[in-house]
Amino acid sequence: MIEVKNLVKRYGSFAAVDDLSFTVEDGEILGFLGPNGAGKSTTMNMITGYISATEGDVIIDGYNMFDEPEKAKQCIGYLPEIPPVYPDMRVREYLGFVAELRKVPKKDRKSEIDRVMGLARVEHMQRKLIKHLSKGYRQRVGLAQALLGNPKVIILDEPTVGLDPMQISWMREFIRSLAKEHTVILSSHILFEVNAVCDRVLIINHGKKIILDTPEQIIHTIGGTEGIYVAARTDKAAVDAVLNSMEDIQTIREERVPEDGVYACSVFPKAGADIREKLFRALADAGLPVLEMRSETKTLEEVFITLTGEEGTC
Amino acid sequence: MLAVYKKEMRQAFTSIFGYIFLTFLLALFGVYTYIYNLKMGYASFAYAVSSVTTFFLFLVPMLTMRSLSEEKKQKTDQLVFTSPVSVSGIILGKYLALVTILFLAVAVVSTYPLILSKYGAVNMKVAYSNLGAFFLLGCAYLAIGLFLSALTESQIVAAIVTIIVILFTLLADVMKDMIPSDHSISVIVIGVLLLVLVALSFIMMRNKIVSAVLFVAGFGAMIGSYVMKPEIYDGFLTKLLGWFSLVSRFSDFQYGLFDATAYVYYFSIAVLFVFLTIQAIKKRRWS
């Protein structure tokens, strides 16, 4: 379990992280979302004890990071944004060093290194110098390093940056599989990724917490009125005539024409009203052939823009 | 600590630096032993040892420039400082690895007096007390080099600053006999040093009040004592430079005297700079 209490990091008068509090339960994956420079890496560096906090506490599995750093650090495996590898070492040699550094007992070291190399799929690279590895493999070696000693808490800072699509999907699946035994914090500026992988999402901007909830709940809370997209083979006037006769409709937004002779629009009902069925019947009764009709749920991306008031960087 | 130590040793000898250091140091000892003891026929091994001390100027930064700056540059410090090892343990591991590499060279050289004694009378006490002082002087320089490498991300900057600092400690011995010793110049120099100190304190702490207090107190004390008793500043610069002159403490050994205070002095410098390195790292991460 990770408890972060009133965490503040100030550089002079600039607050990189401003009064951040949250808890991550055992076996949970928390997604850490924010635009570049929002304070994600700074927060992670404080949680892992790499830098100090100006104020506040980080408690890892009952150990306070600032009072008992060695015990707290023992519980954490950390993959920073740039994998912390030595280019002039071989993969196996590097993992051997990290295992010793992380105080894996000598008798377990060999099997533990084999285990993490298997998990991160780098066994066939174990004799290679790290400087000869591609970015994707370096990232995997960094991941293997974070898993050494089977720490309870695993912290991954933008783990999919610089990977190709195959590696990204593998990495996501792998992170999901970690949740069975580990508590995971994962940072990203890619909304889709967080949506796909995480149990809960913490959105921060300018070092402040914006919202902390499940991805579905965040969309639901911020979602507001959900639109219904309708495309029918007819013209604007016919559709407007039908819609104007209906109740519970707040606004109508004209959409781009999908093909010739088809009119498309998004219909926004009044709050709480479910007009899907009524809309279908009204259009059918008027003899307008509906080609497509679907609910438009706001994506996390739109939610993010709504919340932070700025364009997310993807 | 042991993990860091082993890694440093391995890195020194998988890269070229460890070999260059040992080769260079042993070659210098070989050349000077040949010149003084074999060719010129001096009985004392001390001449060879003291001649090599000058070359610490290049040898020390070769080993220390990468030590901490490279970790920071490659971001591997994020691994090392988030591992369950204390900062002191990490720095000590690194420092002991540096010392071990120097010790390897000294261990090889320590057989030379024995070999020489086959061909003539060698004063073993002088030879080994010299070699001991050489080793400790090296340890002191390595600690200074380690400290300077903790302050920067660039190997080159670390190396250059280390060379400048070691050069200063070498030249301090010569300079202290040449600089004027009257009190007015001493006061000016102290004033400049005080200003530098105040500026440094402001850069490190970003606290105007502390720096202002330091400024007022420093200059107040200086001007006050100068007005009341200017003669205390006589020869001050000579003394000041004397403190920094690491090599001047070496000369006694050359004349066959055993100076325990020099051993203590070198050892203290080494401890001081290892301590400062630990503080510099902690400071960097805690500010």
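Residue numbers begin at 1 in each chain, while the letters A, B, ... track the order of the sequences. This structure is a prediction, so every number in the text was calculated from the model and none was measured.
Around CD1 of Ile156(B), the count of heavy atoms belonging to other residues, nucleotides or ligands within 6.0 Å does not exceed 12. At most 12 heavy atoms of other shown residues, nucleotides or ligands fall within 6.0 angstrom of atom NZ in Lys73(B). Around atom CZ of Arg109(A), more than 12 heavy atoms belonging to other residues, nucleotides or ligands sit under 6.0 Å away. When the shell of 6.0 Å around CG of Leu167(B) is examined, it contains more than 12 heavy atoms from other residues, nucleotides or ligands. Around the CZ atom of Phe275(B), the shell of radius 6.0 Å holds no more than 12 heavy atoms that belong to other residues, nucleotides or ligands. Atom OH of Tyr263(B) sits in a crowded spot, with more than 12 heavy atoms from other residues, nucleotides or ligands closer than 6.0 Å.
Both the backbone and the side chain of Glu93(A) come within contact range of chain B, judged by heavy atoms closer than 4.5 Å. Contacts of Val98(A) with chain B are made by side-chain atoms alone, with heavy-atom separations under 4.5 Å and no backbone atom involved. Residue contact with chain A, scored on non-hydrogen atoms closer than 4.5 Å, involves the side chain of Gln11(B) exclusively. Both the backbone and the side chain of Pro80(A) come within less than 4.5 Å of a heavy atom in chain B.
What you find for Glu100(A) and Leu2(B) is that their closest heavy atoms are OE2-C, 4.1 Å.
In this structure, OH in Tyr86(A) is found 3.5 Å from CD in Glu71(B), a value given to the nearest 0.5 Å. Once rounded to the nearest 0.5 Å, the distance linking OG of Ser83(B) with NZ of Lys103(A) reads 7.5 Å. Taking CG of Leu79(B) as the reference point, atom CG of Leu101(A) lies at 6.0 Å (rounded to 0.5 Å). Put simply, CZ on Arg102(A) and OG1 on Thr82(B) are 7.0 Å apart, with the number rounded to the nearest 0.5 Å.
Ranked by heavy-atom pairs under 4.5 Å with chain A, the first of Lys75(B), Glu70(B), Gln78(B) is Gln78(B). Counting heavy-atom pairs closer than 4.5 Å to chain A, the top residue among Asp77(B), Ile90(B), Thr14(B), Val4(B) is Asp77(B).
When the heavy atoms of residues 92-108 of chain B are compared with those of chain A, none of the residues falls under 4.5 Å.
Of the possible donor and acceptor atoms, one in the side chain of Lys73(A) sits under 3.5 Å from a partner among the backbone N and O of Phe81(B).
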>> As a quick check of understanding, evaluate side chain to side chain contact (heavy atoms under 4.5 Å, CB included) for Lys7(B) and Met89(A), giving each step before the final call.
In response: CA-CA 10 Å; Lys7(B) 183 215 103 193; Met89(A) 280 192 183; 3.2 Å; yes

